[in-house]
Amino acid sequence: MSRASSDPIRVLVVDDSALVREVLQRLLSADGSIAVTVAADPLIAMRKIARERPDVIVLDLAMPRMDGFSFLRRLMSTTPIPVVVCSAMPGGASSDVFRALEEGAVDVIAKPQVGVRDFLEDSATILLDAIRGAAKATLVHRQRRAIDTASAPASTRRLALAGQRGDVIVAMGASTGGTEALRVILEALPADAPGLVVVQHMPEGFTSAFARRLDGGCRIDVKEAKNGDRVRRGRALVAPGNWHTLVHREGDEYVVEVVDGPLVSRHRPSVDALFRSVAVAAGDAAVGVILTGMGADGASGLLEMKQHGAATIAQDEATCVVFGMPKEAILRGAVDDVVPLGRVAATLLQRASDRGSSMGIVAIEGQK
């Protein structure tokens, strides 16, 4: 049964901890827009799903009778439902996060092994945002994305710096569904692609592993941004979780600042904060890219980039997990090109080439 927009979001919490079930049921139900049921393990959850299909599942990974990964895999193959993983991840936390995302989870929240009640209460806003985003997620995007990526041309241009002025910079932002979208884009870039700075909404402690994971499959270098890092060709810098990453100009170079500060557009790191800094630092020597994600982070910053002369690109609705951030940017008039995920890499290279030609950067044809 489909849910009308005025109906509450039906959430099934699957967790073997009675404390977690009690706290989540109280916190989420208090919002008024969410109806919560609970299950102590995946087998109970499957019986409840058969009776009434939820809109979103909040899932622990370590449970009796069937582990969360097995349940997630089975769910996605038989009854795809958006899943937000909320689980303690000792030891191999990073590998668990990415495995859960690869198995089909749309978001992951890592809860601590101690102080769970306080954590859940303090993180109520994060949980609510994740659930609202998941409720709007499009799970069939995985099949469409494979088609779009396969049919899209590979990167067709290589850019060579021929002048003295600073290089073109690419700023990119993503949230829900962004880990996979970024992989698709960065793996399609040639080794001498313009320097990139990336914000992916992700908890502190996971962005370093995320950057290493991307680095292993890309021709460009990918690393977590550190204060003072130079933005250079063939490198993508990923904003560290819980820290804003900004860009400023030093002579002919762009340098990142990794700074603390209040939430911007409900996030830290914030896409808006990055985009606004790039608008000021690079002006028309920049390309802004906004990808899948819930909410509006990045929309106003992308508009500022466009107003400063930058080229701006948004991922299209058909290939987004959640079309929130790109949609908001489009509605504000911040976007030049709306393209499917499989064409984002080629489009940003073309727009960088367009801007580079006025800066002594020439396009060399025929490169793959």
Side-chain angles (χ1 to χ4, degrees), residues 106 133 136-138 140-142 144-145 147-149 151-153 155 168-189 193-194 196-201 236 238-239 247 264-267 269-279 282-355:
V106 298
K136 297 182 179 181
T138 304
V140 294
H141 82 287
R142 294 172 182 274
R144 278 203 302 266
R145 182 180 61 223
I147 295 171
D148 289 335
T149 305
S151 62
S155 303
V168 177
I169 182 174
V170 178
M172 193 175 298
S175 187
T176 308
T179 54
E180 182 65 7
L182 288 167
R183 182 193 65 77
V184 170
I185 294 165
L186 298 187
E187 286 185 359
L189 294 177
L196 299 96
V197 184
V198 176
V199 166
Q200 164 68 48
H201 295 156
V238 177
V247 173
V264 176
S265 302
R266 298 171 65 94
H267 293 283
S270 166
V271 183
D272 271 329
L274 170 64
F275 283 176
R276 287 169 184 156
S277 72
V278 172
D284 63 355
V287 178
V289 183
I290 193 162
L291 303 171
T292 174
M294 176 69 178
D297 187 25
S300 62
L302 195 69
L303 180 59
E304 289 188 33
M305 287 187 68
K306 183 174 181 178
Q307 291 169 339
H308 280 76
T312 56
I313 301 165
Q315 184 181 351
D316 74 351
E317 182 173 9
T319 60
C320 280
V321 174
V322 180
F323 191 50
M325 287 163 50
K327 180 180 180 180
E328 188 61 31
I330 293 166
L331 290 175
R332 296 188 191 188
V335 178
D336 297 322
D337 298 297
V338 181
V339 297
L341 176 59
R343 297 194 180 99
V344 171
T347 304
L348 76 84
L349 289 174
Q350 178 61 62
R351 297 297 169 255
S353 176
D354 294 343
R355 271 142 181 77

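Note that the numbering runs from 1 along the sequence shown for the chain. Both backbone and side-chain heavy atoms feed into the values below; hydrogens, waters and symmetry mates do not.
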message: Nearest 0.5 angstrom please: Arg276 CZ to Leu302 CG, how far?
response: 11.5 Å
field: Thr347 versus Asp337, side-chain donor and acceptor atoms under 3.5 Å
entry: no
- request: Please name all residues satisfying ring-ring contact (aromatic ring centres under 6.0 Å, His included) with His267, sequence neighbours left out, ordered by chain then number.
  value: His201
message: Looking at every heavy atom in both Met305 and Ala286, which two are closest together, and how far apart are they?
response: CE-CB, 3.9 Å
task: Decide yes or no for Thr138 and Val322: does some side-chain heavy atom of the first lie under 4.5 Å from some side-chain heavy atom of the second?
output: no
query: Is there side-chain contact between Val335 and Ile313, with at least one heavy-atom pair below 4.5 Å?
result: no
message: Run Leu186 and Leu196 through side-chain contact (heavy atoms from CB on, under 4.5 Å) and show every step you take.
response: CA-CA 10 Å; Leu186 298 187; Leu196 299 96; 4.0 Å; yes
I'd like a table of donor-acceptor pairs (distance under 3.5 Å, sequence neighbours excluded) in which one partner is a side-chain atom from residues 323-330, with atom names and distances.
residue	atom	partner	partner atom	Å
Glu328	OE2	Arg332	NE	2.9
Glu328	OE2	Arg332	NH2	3.3

field: Nearest atoms (heavy-atom pairs only) where Pro194 meets Val168
entry: CB-O, 3.8 Å
- prompt: CG/Asp284 to NZ/Lys306 distance, rounded to the nearest 0.5 angstrom?
  reply: 14.5 Å
message: Under the rule for side-chain hydrogen bond (donor to acceptor under 3.5 Å, both in side chains), what residues qualify as partners of Thr312, not counting sequence neighbours?
response: Asp336
message: For the CZ atom of Phe275 and the CD1 atom of Ile290, what is their distance to the nearest 0.5 Å?
response: 5.5 Å
query: If you take all heavy atoms of Asp272 and Ser265, which pair is closest and at what distance?
result: OD2-OG, 2.5 Å
Value rounded to 0.5 Å, distance of CD in Gln200 from OG1 in Thr176: 8.0 Å
task: Answer whether the closest heavy-atom distance between the side chains of Val197 and Val278 falls below 4.5 Å.
output: no
- prompt: Is there side-chain contact between Leu291 and Leu182, with at least one heavy-atom pair below 4.5 Å?
  reply: yes
- prompt: At what distance, to the nearest 0.5 angstrom, does CG of Leu274 lie from CE of Met172?
  reply: 10.5 Å
message: On a heavy-atom basis, which atom in Asp297 and which in Pro269 lie closest, and how many Å separate them?
response: OD2-O, 4.4 Å
- prompt: Taking all non-hydrogen atoms of both residues, which atom of Ser175 and which atom of Gly293 are closest, and how far apart?
  reply: CB-CA, 3.7 Å
query: Strictly by modelled atom types, are Thr319 and Gln315 linked by a side-chain donor-acceptor pair under 3.5 Å?
result: yes
- request: Quick one: pull up CG in Leu348 and CG in Leu189 and give me the separation to the nearest 0.5 Å.
  value: 5.5 Å
- request: Identify the two heavy atoms, one from Thr292 and one from Gly178, that lie closest to each other, and give their separation to 0.1 Å.
  value: CG2-N, 3.6 Å
field: Audit row: Val289, Val170, side-chain contact (heavy atoms from CB on, under 4.5 Å) steps and yes/no
entry: CA-CA 8 Å; Val289 183; Val170 178; 4.2 Å; yes
